[in-house]
Amino acid sequence: MTDAPETTAAAQTAGKPPYRHLYLVDGSGYIFRAFFAIPPRMTSHGLHVNAAFGFTNMLIKLLRESDADGIAVIFDASGESFRNALYPAYKAQRDEPPDELVPQFAMIREATRAFNLPCIEKQGFEADDIIATYARQAREAGIDVTVVSSDKDLMQLVGGSVTMLDPIKNRPIGVEEVREKFGVTPDKVVEVQALAGDPTDNVPGVPGIGIKTAAQLIGEYGDLESLLARAAEIKQPKRREKLIEHAEDARISLKLVTLRDDVPLEETLDQFGLKEPEPETLKGFLERYEFRSILNRLADKLGDVVPDEKEAGKGLPLAAPAPAAAPGPLADLAAPAPAPAAAPGAPAYALVRDEAALEAWIAEAVEKGIVAVDTETTSLDPERAELVGVSLATAAGRACYLPLGHRTPSEGEADLLSTPEQVGGSLLEGQIPIERALALLRPLLADPTVLKVGQNLKYDMRILAKHGVTVAPFDDTMLLSYVLEGGLHGHGMDELSELHLGKTPIPYKAVCGSGKSQITFDRVALDTACDYAAEDADITLQLWQVLKPQLATRHLTAVYEVMERPLVPVLAEMERAGIKVDAGILRRMSNDFAQRLEGLEEEIYKLAGRRFTIGSPKQLGEILFDEMGLASQGRKGKSGALSTGADILEQLAAQGHELPRKVLDWRQLAKLKSTYTDALQGQITADGRVHTSYSQAVASTGRLSSNDPNLQNIPVRTEEGRKIRSAFIAEPGHTLLSVDYSQIELRLAADIAGVEALRQAFAEGLDIHAMTASQVFGVPLDQMDPATRRKAKAINFGIIYGISPFGLAQNLGIEQGEARAYIAAYFERFPGIRDYMDRMKVEAKERGYVTTLFGRRVHVPALLDKNPARRQFGERAAINAPIQGTAADIIKRAMIRVPPALERAGLKARMLLQVHDELLFEVPDDQREETAALVKEVMEGAAAPTVNLSVPLVADVGQGASWAEAH
DNA sequence: CGGCTCACG
DNA sequence: GACGTACGTGAGCCGA
């Protein structure tokens, strides 16, 4: 090995090393960082091994996934180094390492030897100097060098064929990263360090100069000596004096931070070529410290740990890129390399095709105690979706895809002669049978010691529940983001990835296409599917790593853990339950509407003098305002067209015009037909029920939203519309029970704004709108007329929304001046309201968000907009959000408590729907009364014990065979 | 795909 | 005095 011809530049080496890429691992640096970065971990004997475990995994990763064909691990020798002779205080004030860490120093050396890697240290020198020495030698010998460390003191080595790799973040550190950190190129790093100093190592530097200033000075003067020589030219007096006064400190600092690259060393470069580890030694080491996941992963190399391996290497979950050069001695430790030349830094993901591989991933997840999970299906609608595959991620950049239901791509059009198999496609080979795979996954996904991380896990839970798989415990990155940054941006994975990881995930469109040529995920080729699906799990895990720690630091743990996370399984169950809908009623209504619409259309055309598209605001506007010359309020929309909204048509109708009235009637029926009676029929599934989907991370205030279909906006305000609710029915022998909060937002406004008169009224159970009317308009309660009460009611709503004279005038159809006077009278009577409004505006402007009584943050970025309209919009939102948001918090708390309360009481009711202040249940007839009382009690007490409201919460109960009757 | 309109709390 | 108006949603239709 040593007989290769020497190069002149490599005079110090004993021969030309038989490798091309040398990895110099900073063992001492690693252990400190790993100790604090990796969660605590103990052997059964109580020995702390977290840093050693991380180190071992890191070595395996290097051996398998990098192109390293030479490795040396470098350590600090015990005792002082030559730097102490230069400057006695150097590293003098360092704390003793923690007790749990001390024994791990030896373990890491043991690990290094177990992998048959050289362990290098030298008295009187630090690891960094040794690394610098070998890096220089390797560079001169034409060998690429990667320094595995994140130590800033090593960054001076970067450049040319030398790069660094942060082993904990698994991130390369190149010239760019160094420049980001120090503001200069690597060759100037020591100059900057010398000026800035380093308090942790007691490197003095020049007082008052940090990295920023140092970089700027070095950028200007080139190097430390030139700067010191010309220090008198510095303009800032303080800085000039300090530089002159501390010039000698700076020179000593330079010597302290400059690494020696001439350390006399026994081991030479040619000894660092990879050698196969001794299986018994390695196995002994792994067993001694109980690194079971690693034992499993290396099972095929070490024998008999996982007995039923069929092909060597096949079960290994690690995908390694093919070595660039001839395979090194450990190449055979590496998994087969399916990954082609990927972009630098782009991880190659593993495709799991046999049970052994799946078991290895599961074992790794168990070992890690955390795994990100994502399912791929044939549809976004969980009711119709079929499971196609599952992806798992166990660490950043480490993920796999488990295909389960991929089929042959269907070719061409199906015709009458096609067999069902040709239409449906046949299951591809090389996939673990789905039930077998799920049998393996089931214990992992239910394992109480393994945290499952997902993005919008409710969806995956519903899919997996169909196969009898439950997921617990779990975290949801979408909800983490929602709790942390609700109101600032959306919480979809692509958006979060861009935002937090600076990475654009593979677009779904790129995999499945779009529009007419879109295919379902089960028709995607396995390799493509793997890239896409495993990336999702990988990103999800990385998002968790970014987001989860922020919960505690921003004091949002309770919001997440008490109100959001526990709601997920509750919502999943409500969605799964669905609500029974009588299609016959809807069909008959649709037919009725169709007939009446036809009649109305004839009349409208007659009145207009011609046929036109009534549903087109543009055409209607032309008829009304141009052809018929009706006077309008002149309100215009963004497109510049005059508005034909209901309020405008209402005014025109009030002026005695026939056409606007007819159009209003037509619109009402058209809306009911298209949005409700027609659309809902198509949403009824095979069980005769409609299953909505709740979005938990959409509404900025903390509310839920309902979609596909939206069951939170089923008509109720008009007689005609309410009929649609009669189609929502209970199963035979059951009753629908509706329990809704009475005036919850107004009650909360009274509490939050501290309006004593309102609180009093609620406490006494008075008619709150009548009370308001008597206060504001001076009418005694016993003489209250409906019109006055109606005005007061509008004002009360206005308060909740962030009232304005214009809005109130609009709502009541009165002059703005009159509305202004009402508001003034209101504020006069209830001054707490105005104080509250001002407080919210100030708070929101200072902090960017307002909070609910339960601590939820609602961000209102519009408050800082320079456009006054948008800013005022933000002000109103800031006023409304604590009220609406607190109400949302309360009903969420109730929803979480109701199912276990029913369970304890032995009641069989199912919670079906939530409509902001109402919960709808399907109850066995004989349990109506008991269930109603229980639900009412839970809802009324839902703020306690976290918040003690100064107003009572009241929930009203209704029941009947249909939602129309129950409401 | 944005705008308009309208259903709900 | 600007700016364009009540807070929060989702869905269907029209027309570019």
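The structure displayed is predicted, hence computed values, not measured ones. Chain A is the first sequence line, chain B the second, and so forth, proteins listed ahead of strands; every chain is numbered from 1.
For A:R871 and C:dG4, a side-chain-to-base donor-acceptor distance below 3.5 Å is absent, hydrogens and geometry of angles not being considered. You won't find any donor-acceptor pair under 3.5 Å spanning the side chain of A:Q712 and the base of B:dC8, going by distance alone. The base of C:dG4 is not paired with the side chain of A:R870 by any donor and acceptor separated by under 3.5 Å.
Judged as a salt bridge (charged side-chain N to carboxylate O under 4.0 Å, His left out), and not counting sequence neighbours, the contacts of A:E575 are A:K458, A:R462. Listed by chain and number, the residues in a ring-ring contact (aromatic ring centres under 6.0 Å, His included) with A:H691 amount to none (sequence neighbours excluded). Residues passing the salt bridge (charged side-chain N to carboxylate O under 4.0 Å, His left out) test with A:D494, sequence neighbours excluded: none. The ring-ring contact (aromatic ring centres under 6.0 Å, His included) check on A:F728 picks up A:W963, with sequence neighbours excluded. In this view, A:Y826 and A:F830 satisfy the ring-ring contact (aromatic ring centres under 6.0 Å, His included) rule, not counting sequence neighbours. Under the rule for a ring-ring contact (aromatic ring centres under 6.0 Å, His included), the partners of A:Y482 that lie at least two apart in sequence or sit in another chain are A:H491.
Considering only side-chain N and O atoms, A:R667 lies under 4.0 angstrom from the phosphate OP1 or OP2 of B:dC6. OP1 or OP2 of B:dC4 has not a single side-chain nitrogen or oxygen of A:T644 nearer than 4.0 Å.
Under 3.5 Å, the side chains of A:N880 and A:T701 contain no donor-acceptor pair of N or O atoms.
Between the P atoms of C:dA6 and B:dC4, the separation comes to 14 Å (whole Å). When the P atom is used for both B:dT5 and C:dT5, the distance is 12 Å, rounded to whole Å. Going from the P atom of C:dG4 to that of B:dG3 covers 14 Å, rounded to whole Å.
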Report, one line per pair, each donor and acceptor closer than 3.5 Å where one atom sits in a side chain of residues 798-813 of chain A; sequence neighbours left out.
{"from": "A:S804", "atom 1": "OG", "to": "A:G807", "atom 2": "N", "distance (Å)": "3.1"}
{"from": "A:Q810", "atom 1": "NE2", "to": "A:D647", "atom 2": "OD2", "distance (Å)": "3.4"}

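Atom CD of A:E650 and atom P of B:dT5 are 14 Å apart (whole Å). With rounding to whole Å, A:I614 atom CD1 is found 16 Å from B:dC4 atom C1'.
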Dot-bracket for DNA chain C, please. Rules: Watson-Crick or G-U, both distances under 3.5 Å, ( ) within the strand, [ ] when a pair crosses earlier ones, | for another strand, . otherwise. ......|||||||||.
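Taking a 4.0 Å limit (strictly below) on heavy-atom distances, residues 828-864 of chain A does not reach DNA chain C anywhere.
Sorted by first then second residue, the salt bridge (charged side-chain N to carboxylate O under 4.0 Å, His left out) pairs that include residues 853-868 of chain A, not counting sequence neighbours, are A:E564-A:R856, A:R856-A:D889, A:D865-A:R870. Sorted by first and then second residue, the ring pair (Phe, Tyr, Trp, His ring centres under 6.0 Å) pairs with a member in residues 858-879 of chain A read A:Y849-A:H859; sequence neighbours excluded.
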With sugar-phosphate taken as primed atoms, P, OP1 and OP2 and all else as base, the protein-contact string of nucleotides 10-16 of chain C at under 4.0 Å (heavy atoms; B, S, -) is BBSSSSS
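Taking the centre and axis of the six-membered ring of A:Y822, the NZ or CZ atom of A:K791 falls outside the cone set by 45° and 6.0 Å.
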